[in-house]
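Chain identifiers are assigned alphabetically (A, B, ...) following the order of the sequence lines, protein sequences preceding nucleic acid strands; residue numbering begins at 1 within each chain. Bear in mind that the values here come from a model prediction, so they are computed numbers and not experimental data.
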Amino acid sequence: MKIFNTLSGQKEEFIPQQDNEVKMYVCGVTVYDVCHFGHALCYVSFDVIRRYLEYKGYKVNYVQNFTDIDDKIINRANERGIPWQDLVEKYIAEYFTDMDALNIKRATLYPRATGEIPGIIEVVRTLLDKGHAYQSGGSVYFRVKSFPGYGKLTHQNVDDMRVTATTEAEKKEDPLDFALWKAVKPGEPSWPSPWGDGRPGWHIECTAMSTGHLGNSLDIHGGGQDLIFPHHENETAQSECYTGVVPFVRTWMHNGFLQLGADKMSKSLGNLVTVKQALERNSADAIRLFIISSYYRMPLRYSLEALDAAEVGIDRMRTALKAGGKPGAAVLDAEPFKARFSEAMDDDFNAPQAVAALFDLVREINRSSEKGLDVGKAQQMLKELAAVIGFTLEETNRLSVEEEMEIETLISQRNEHRQAREWKLADEIRDQLAKMGIAIEDSPTGTIWKIAR
RNA sequence: GGCGGCGUAGCCAAGUGGUUAAGGCGGGGGUCUGCAAAACCCCUAUACAGCGGUUCGACUCCGCUCGCCGCCUCCA
């Protein structure tokens with residue numbers, strides 16, 4: 001299979017270092033607020049990638065970090081007058097609630113920055129020993145110019161970069177240098193280190209975690225496009241200088257960014273759509289379909305219209321699963337659809353095309369069902385392939401057993417009236433069900449019901 | 001100033017140097033059905049921002065122009 005590598009700017013044949021094991025690291029969130037739609041976009045994208053790799057038979061060792069100490073966390077905790085640890089715990093819990101609701105498979109491991117302090121200190125110490133870092137004012141900085149490969153991920157020349165002055169600039173040898181270890185400031189949480197009390201810089205945790213938990217060379221490292229620079233560029237620099245192993249990452253993958261069209265959604269405007277809000281309107285399957293209908297590397301414009309269109313589309317898939325077939329009749333062969341699906345996914349996870357194959361399978365199932373073929377195996381296949389890209393195709397049915405029994409009873413009563421050609425009575429029951437929010441569909445193989453949209 | 005992305009039907013969105021430019025949603029017509037719903041069938045881009053160039057041939061390669069956006073500062 002082929003994967004687009006940000007480093008080379010091309011699709012490359014993907015070959016893990018160790019047989020069928022994939023070492024995969026995806027940058028996680030800074031836990032100071034609830035997740036928004038952009039997070040959903042990123043993590044659904046990588047969930048699809050991870051699931052497909054597993055479907056292909058790879059054992060995926062998937063590590064995703066939590067940045068649980070940084071300025072935003074400290075400020076937010078201070079604003080609320082609560083310990084930063086409480087804030088962090090709250091939003092980690094929220095993160096899992098949201099991601100679980102989106103049917104995103106849990107990573108193998110979720111290390112936290114503050115849980116990796118010894119490893120971080122070891123990385124910084126080594127970088128100092130090798131001359132790639134220096135101490136200044138209680139902090140430790142990475143010496144960018146000491147790494148000749150700096151800029152290779154972003155395809156930029158160091159000298160062409162616009163340098164913005166920072167408050168720390170005076171203490172750095174070069175404005176491009178970045179903090180590995182930040183000296184403690186009054187009233188802020190800190191950890192002891194050989195260079196004095198302080199806390200880790202932004203990029204260093206990823207180096208410590210990825211090399212510590214996955215080794216010196218990762219098969220896949222992913223994240224949002226906004227992280228390419230400076231985060232991933234810096235991470236590459238410090239990691240390769242630390243381990244001496246090149247490349248630190250064999251395949252860099254970045255998902256396209258969420259765009260908001262006219263209604264600009266931004267943190268500063270405070271009009272972010274949270275994952276929770278999205279889930280109030282649309283099902284997890286629909287949100288996922290909306291996201292993967294567009295290629296993961298392309299920008300995605302947030303659109304309620306498209307989201308609702310996805311809801312209708314996903315409903316079509318669910319309905320196909322209910323189509324009646326004739327066991328024992330000729331069997332619908334779904335293998336060609338599976339082949340198309342895999343071929344699409346093998347080409348840099350082209351989910352839009354894979355989804356197209358699924359919709360064609362849906363049509364074929366419905367068509368064959370009407371012709372009286374046995375579609376059981378094909379439905380099985382649809383469900384299996386849908387699951388590969390993370391669709392459950394389950395209806396969110398919060399009805400109790402009693403309610404379901406009542407519905408079934410009403411439906412059988414109505415069918416008795418239909419048998420007796422008492423249309424008026426039958427229609428009254430249908431209206432009654434509609435008022436209960438239940439839609440029914442008659443078919444030659446019986447009457448089915450579902451929650452009305 | 002540097003780096004990068006995007007511009008395909010009413011909307012969302014794939015894709016290819018050359019017979020019919022995926023799929024979804026929406027719309028129109030039909031079949032089926034007591035009706036409804038669902039499903040199925042047919043139709044809905046002589047055309048892929050614009051202008052040049054390369055080529056026997058480009059929407060697909062190259063250049064330029066216009067428009068939109070991201071990154072270079074915290075951000076998935």
5'-most contact on RNA chain B (nearest-nucleotide basis), A/L289 vs A/G224, goes to A/L289
Heavy-atom closest contact (A/E311 atom, A/A286 atom, distance): OE1-CB, 3.2 Å
[X] has a side chain; which of [options] sits nearest to it?
{"X": "A/F359", "options": "B/G34, B/G23, B/A13", "result": "B/G23"}
{"X": "A/S294", "options": "B/C25, B/A14, B/G5", "result": "B/A14"}
{"X": "A/R363", "options": "B/A38, B/C40, B/G15", "result": "B/C40"}
{"X": "A/Q156", "options": "B/G2, B/A76, B/G34", "result": "B/G2"}
{"X": "A/P352", "options": "B/C74, B/A22, B/A76", "result": "B/A22"}
{"X": "A/K72", "options": "B/A22, B/C74, B/A13", "result": "B/C74"}

Which part of the nucleic acid, if any, lies within contact of [X], taking any heavy atom under 4.0 Å across all strands shown: a base, the sugar-phosphate backbone alone, or nothing?
{"X": "A/Y43", "value": "sugar-phosphate"}
{"X": "A/A309", "value": "sugar-phosphate"}
{"X": "A/T30", "value": "sugar-phosphate"}
{"X": "A/I228", "value": "nothing"}
{"X": "A/Q225", "value": "nothing"}
{"X": "A/D70", "value": "nothing"}
{"X": "A/F46", "value": "nothing"}

I'd like to know if A/D442 reaches the base of B/C35 with its side chain, counting only an N/O donor and acceptor under 3.5 Å. yes
Polar side-chain contact A/D159-B/G2 base: donor and acceptor under 3.5 Å: no
Are A/H417 and A/E428 packed together at the side-chain level, in the sense that at least one heavy-atom pair is separated by less than 4.5 angstrom? no
In the structure shown, which nucleotide is the Watson-Crick or G-U wobble counterpart of B/U73, with both distances under 3.5 Å? none
A/W423 ring over B/G34 six-membered base ring, under 5.5 Å and 30°: yes
Parallel, tilted or perpendicular: which fits the ring planes of A/Y52 and A/Y55, with parallel below 30° and perpendicular above 60°? tilted
If the plane angle is over 60° it's perpendicular, under 30° parallel, otherwise tilted; pick one for A/H232 and A/H221. perpendicular
Span that lies between the P atom of B/G28 and that of B/C62, in whole angstrom: 43 Å
Indicate whether OP1 or OP2 belonging to [N] is found under 4.0 Å from a side-chain N or O atom of [X].
{"X": "A/R297", "N": "B/G5", "result": "no"}
{"X": "A/N350", "N": "B/G15", "result": "yes"}
{"X": "A/N255", "N": "B/A76", "result": "no"}
{"X": "A/R316", "N": "B/C25", "result": "yes"}

Measure from NZ or CZ of A/R297 to the centre of the six-membered ring of A/F4, then state whether that distance is under 6.0 Å and the direction lies within 45° of the axis. yes
